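What follows is a set of notes on a single structure, which appears directly below.
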Amino acid sequence: MKKDKAKLLLQAPKGMHDILPENYIFYQAVFDKAEEIASHYGFQFIQTPILENTDLFTASLGASTDIVEKQMYTLKTKGGGNLALRPEGTAPIMRSYIEHGMHTRPQPVMLWYKGSFFRHENPQKGRFREFQQFGLEIIGEPKPISETIIVRVLTLILEELGVGPIIVHINSLGDKECRSLYRKNLVNYYRKKTKDICKDCLRRLKENPLRLLDCKEQKCGEIKQAAPQMVDYLCPPCKEHFKEVLESFDSSEIPYFLDNHLVRGLDYYSRTVFEIFEDREERDDALASGGRYDYLARTLGRKDIPAVGGAIGVERVVQLMMDKKITPKQKKLPKIFFIHLGAAAKHKSLKIIEMLRKAHLAVNHSIGKDSLRGQLKLASKLNMSYALILGQKETLENSIIVRDMDSDNQETVKIDELVENIKNKLK
Ligand code: HAM
């Protein structure tokens, strides 16, 4: 095998990574906290497949978005179908809502989800090709309170994980009518500046003018600052909706910043869009983002269904927790190490480990190791308080040795009395 090929065999695909045991506690902390708060606010779990028909995304995310143009992992099935690894979760959930007739349930339907998403991006800090999201969707509710619930739950999760202070950047993209008037004026404005804008902006001007406001090039900065702003074009109902969103943010004490240049990279949004950042001078990538998507159902061939949602980028939150040296609380760590000596003891091991599990006593062990020395060494390396030693004699006598790892004192205890004995010692 060629050297390069052999090397590739031993590497995760570019932009994708393993979650190792020592890092899992961070992911678990994020998911546990997120699930706890989301459930408290009435969200229910939903899981959709990792693969969806490619058309679901091309129809809903927008043909000229980066995701659809460049970033989808697609495949042809043996039956000739076209599937895509999901790049995001909102379109699949709306698909599921429609497919399962969830409009007949009490509205709104409030859902949470988690899992891997895939985008063929240029990997860099905080940007991966496979990444985890925790997302929330409220479907079937037109009122601004749903924006507040989504943003409040996302900010609570981030704050309680300790990655605050956070700030919510918020904007309104209006509805079909007022946005199209705005787009016309934006295009007219930029058409007069074509000599002064970057290459990407020239393309955006043709394909997706709202994304002009997303340009980070210094060259385009001043032009962007002076560009017409969506807020000035909002129709009265959109203006009223946005005003109510902001008022309810105020009364919920959600820290926000009106960001006239916030447009987002997905076409399905209407009215409110938001991105949540760590609140500090140098802005990093968004920790979470989302918005309202009242027209998404229509792009899938149904009538409009009012909806709003948002998702947290879990890797970004985990990285920030690590940077801030936030160590999540470990689940109860075992204090007991189980040691077996000889074949008969090995066979009895699982029974004893199970007995301890039923008594809620977490236990570490090394079933593969046979020597007493090796197992004791491991127990002491893991800082265990007690070792339980099951040898030939103990196996025959239905007993076990309980050894205090600090003092090296030990006693023999009947198996029937083991749970009580250990519980007393750990009190
Ligand atoms: P999004 O802004 O594309 O929105 O992604 C949501 C969050 O996922 C981002 O704020 C970021 O933290 C994280 N994220 C996105 N791309 C990457 C990446 N390549 N690597 C690491 N993290 C990433 C959505 O996906 C929408 N579905 C959110 C939504 C829900 N809107 C309404 N409901």
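The shown structure was predicted, so the numbers you read here are calculated from the model rather than taken from an experiment. As the structure lists them, so they are numbered: ligands from 1, and atoms in each ligand from 1.
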### Task
Please determine if Tyr113 has a nitrogen or oxygen closer than 3.5 Å to a nitrogen or oxygen of ligand 1.
no
## Note on the structure
Counting heavy atoms under 4.0 Å, the part of Phe117 that contacts ligand 1 is neither
#### Entry: Nearest protein heavy atom with distance in Å, relative to atom 18 (C) of ligand 1
Phe131 CD2, 3.4 Å
### Summary
Numbered in order shown, the ligand 1 atoms found under 4.0 Å of a heavy atom of Gly126 are 20 (N), 21 (C), 22 (N)
### Query
Between Gly310 and ligand 1, does any nitrogen or oxygen pair lie at a separation below 3.5 Å?
yes
### Summary
Here the atoms of ligand 1 under 4.0 Å from any heavy atom belonging to Arg264 are 1 (P), 2 (O), 4 (O)
#### Entry: Lys335 NZ/CZ over Tyr386 ring centroid, <6.0 Å and within 45° of normal
no
### Message
Parallel, tilted or perpendicular: which one describes the rings of Tyr113 and Phe117, with boundaries at 30° and 60°?
### Response
perpendicular
#### Entry: Where ligand 1 meets Phe128 - atom numbers and elements under 4.0 angstrom, heavy-atom basis
18 (C), 19 (N), 20 (N), 21 (C)
### Query
Should Ala286 be counted as touching ligand 1, given the test is an N or O pair under 3.5 Å?
yes
### Query
Counting only heavy atoms, which portion of Ile276 has something under 4.0 Å from ligand 1: side chain, backbone, both, or neither?
neither
### Task
Measure from NZ or CZ of Lys114 to the centre of the six-membered ring of Phe134 and say whether it is under 6.0 Å with the direction within 45° of the ring axis.
no
### Task
Identify which one of His169, Glu147, Arg264 satisfies the side-chain contact (heavy atoms from CB on, under 4.5 Å) criterion when paired with Val273.
Arg264
### Task
Have a look at Ala307, Gly313, Ser289, Gly309 and point out the one with the heavy atom closest to atom 9 (C) of ligand 1.
Ser289
### Tyr268 and Thr90: side chain donor to acceptor below 3.5 Å
yes
### Message
Arg127 versus ligand 1: do any nitrogen or oxygen atoms come within less than 3.5 Å of each other?
### Response
no
### Query
Are His17 and Phe128 near enough that their ring centres are under 6.0 Å apart?
yes
### Task
Compute whether any side-chain donor of one residue and acceptor of the other, for Ser116 and Gln132, lie under 3.5 angstrom apart.
yes
#### Entry: Close approach of Tyr268 to ligand 1, heavy atoms, under 4.0 angstrom
yes
### Summary
So the atoms of ligand 1 within less than 4.0 Å of a heavy atom of Glu137 turn out to be 30 (C), 32 (C), 33 (N)
### Message
Students often mix this up, so state it plainly: with edges at 30° and 60°, are the rings of His103 and Tyr97 parallel, tilted or perpendicular?
### Response
tilted
#### Entry: Option with minimal heavy-atom separation from atom 29 (C) of ligand 1, where the choices are Asn122, Thr65, Thr90, Leu136
Thr90
### Message
I want to know if ligand 1 touches Leu287 in the polar sense, i.e. an N/O pair below 3.5 angstrom.
### Response
yes
### Task
Scan side-chain atoms only and decide if Ser60 and Arg95 contain a donor-acceptor pair under the 3.5 Å cut-off.
no
### Query
Can you list the ligand 1 atoms lying under 4.0 Å from a non-hydrogen atom of Ala288?
10 (O)
### Message
Please tell me whether Asp232 and Tyr182 have a donor and an acceptor in their side chains that are separated by less than 3.5 angstrom.
### Response
no
#### Entry: Atoms of ligand 1 close to Tyr269 [distance to a heavy atom under 4.0 angstrom, numbered from 1]
26 (C), 28 (C), 29 (C), 31 (N), 32 (C)
## Note on the structure
CG (Leu173) and CZ (Arg271) are apart, to the nearest 0.5 Å, by 11.5 Å
### For atom 27 (N) of ligand 1, the option (of Arg316, Glu315, Glu88, Glu130) bearing the nearest heavy atom
Glu88
### Query
So is Gln133 polar-close to ligand 1, meaning N/O to N/O under 3.5 Å?
yes
### Query
What class does the angle between the rings of Tyr73 and Phe118 fall in, given that below 30° is parallel, 30 to 60° is tilted and above 60° is perpendicular?
perpendicular
